[in-house]
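Here the structure is laid out as structure tokens; the discussion comes afterwards.
FYI, side chains are in, hydrogens and waters are out, and symmetry mates aren't considered; it's all heavy atoms of this structure.
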Amino acid sequence: MTVTWLVRRSQGAVAYVVSLHVPFLYSLNAMVVVPFALLISATAARDARGDGTAVSGRSWVWLGEVSFAFYLIHQILLSVAQERFGYREPDSLVEAVGVAVLIAAASLLLSWLLYTTVERPVVRAWARRARAARNAQTAQSLPAQRDGNERPVTVSTS
């Protein structure tokens with residue numbers, strides 16, 4: 001275990017601890033956002049090189065695919081649950097964790113459903129349309145194919 005490895009692994013934790021001891025608005029920006037932006041960019045660069053990362057496994061990739069749908073769904077589900085059951089403080093930690101896990105699981109299930117039935121088909125349709133337009137543009141820019149009976153035109157400079 002090298003010092004570099006330790007620094008890379010603890011960067012987020014250090015940023016969080018430091019953010020607890022600086023003014024609130026400063027902690028939201030410089031103390032948390034900057035280190036996490038560096039961490040995300042370093043991870044993306046490593047992934048682009050083909051090196052394995054902690055988030056390159058199949059389950060992490062799947063979570064990344066459904067994350068936008070999760071972002072869209074979770075607040076709606078929280079609002080519906082609050083409207084339906086009313087807001088109240090949980091009686092125990094077990095109840096609070098149970099409700100959070102239940103809402104997260106329902107959000108994840110609905111996110112997967114939204115991703116597979118809406119997002120993925122739309123992205124594929126747009127990709128097909130873009131590919132067809134690109135192929136048509138390429139076909140127009142290529143010179144006409146010769147049928148073999150034509151002779152190339154030559155210009156003499158005599």
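- With Val99 as the partner, the side chain to side chain contact (heavy atoms under 4.5 Å, CB included) test is satisfied by one option alone out of Ile103, Val97, Leu102: Ile103.
- With values rounded to the nearest 0.5 angstrom, Ser107 atom OG is found 6.0 Å from Leu78 atom CG.
- Atom CZ of Arg49 has more than 12 heavy atoms from other residues, nucleotides or ligands within 6.0 Å.
- Here the CZ atom belonging to Arg131 is positioned 10.5 Å from the CZ atom belonging to Arg124, to the nearest 0.5 angstrom.
- In this structure, Thr53 and Thr43 approach most closely via the heavy-atom pair CG2-O, 3.8 Å.
- Judged by distance alone, with hydrogens and angles left aside, the side-chain atoms of Glu95 form a donor-acceptor pair with the main-chain N or O of Asp91 at under 3.5 Å.
- Put simply, Ile73 and Leu109 are part of two different groups of oily side chains (I, L, V, M, F, W, Y) that touch within less than 4.5 Å, one to the next.
- Within the 4.5 Å cutoff, no side-chain heavy atoms of Asp51 are placed close to those of Asp47.
- Atom CG of Leu110 sits about 10.0 Å away from atom CZ of Phe70, to the nearest 0.5 Å.
- Clustering ILVMFWY residues whenever any of their side-chain heavy atoms sit less than 4.5 angstrom apart, transitively, puts Tyr115 in the very cluster that holds Trp60.
- Looking at Val61 and Glu65, their side chains come closer than 4.5 Å, going by heavy atoms from C-beta outward.
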| field | Test side chain to side chain contact (heavy atoms under 4.5 Å, CB included) applied to Trp62 and Trp112, step by step | value | CA-CA 9 Å; Trp62 180 80; Trp112 170 78; 3.6 Å; yes
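- In this structure, the separation between CG on Leu72 and CD on Glu119 is 8.0 Å, given to the nearest 0.5 Å.
- Aromatic ring pairs are classed by plane angle as parallel below 30°, tilted from 30° to 60° and perpendicular above 60°; the pair Tyr71 and His74 is tilted.
- With a 4.5 Å cut-off on side-chain heavy atoms, Leu63 and Leu108 count as touching.
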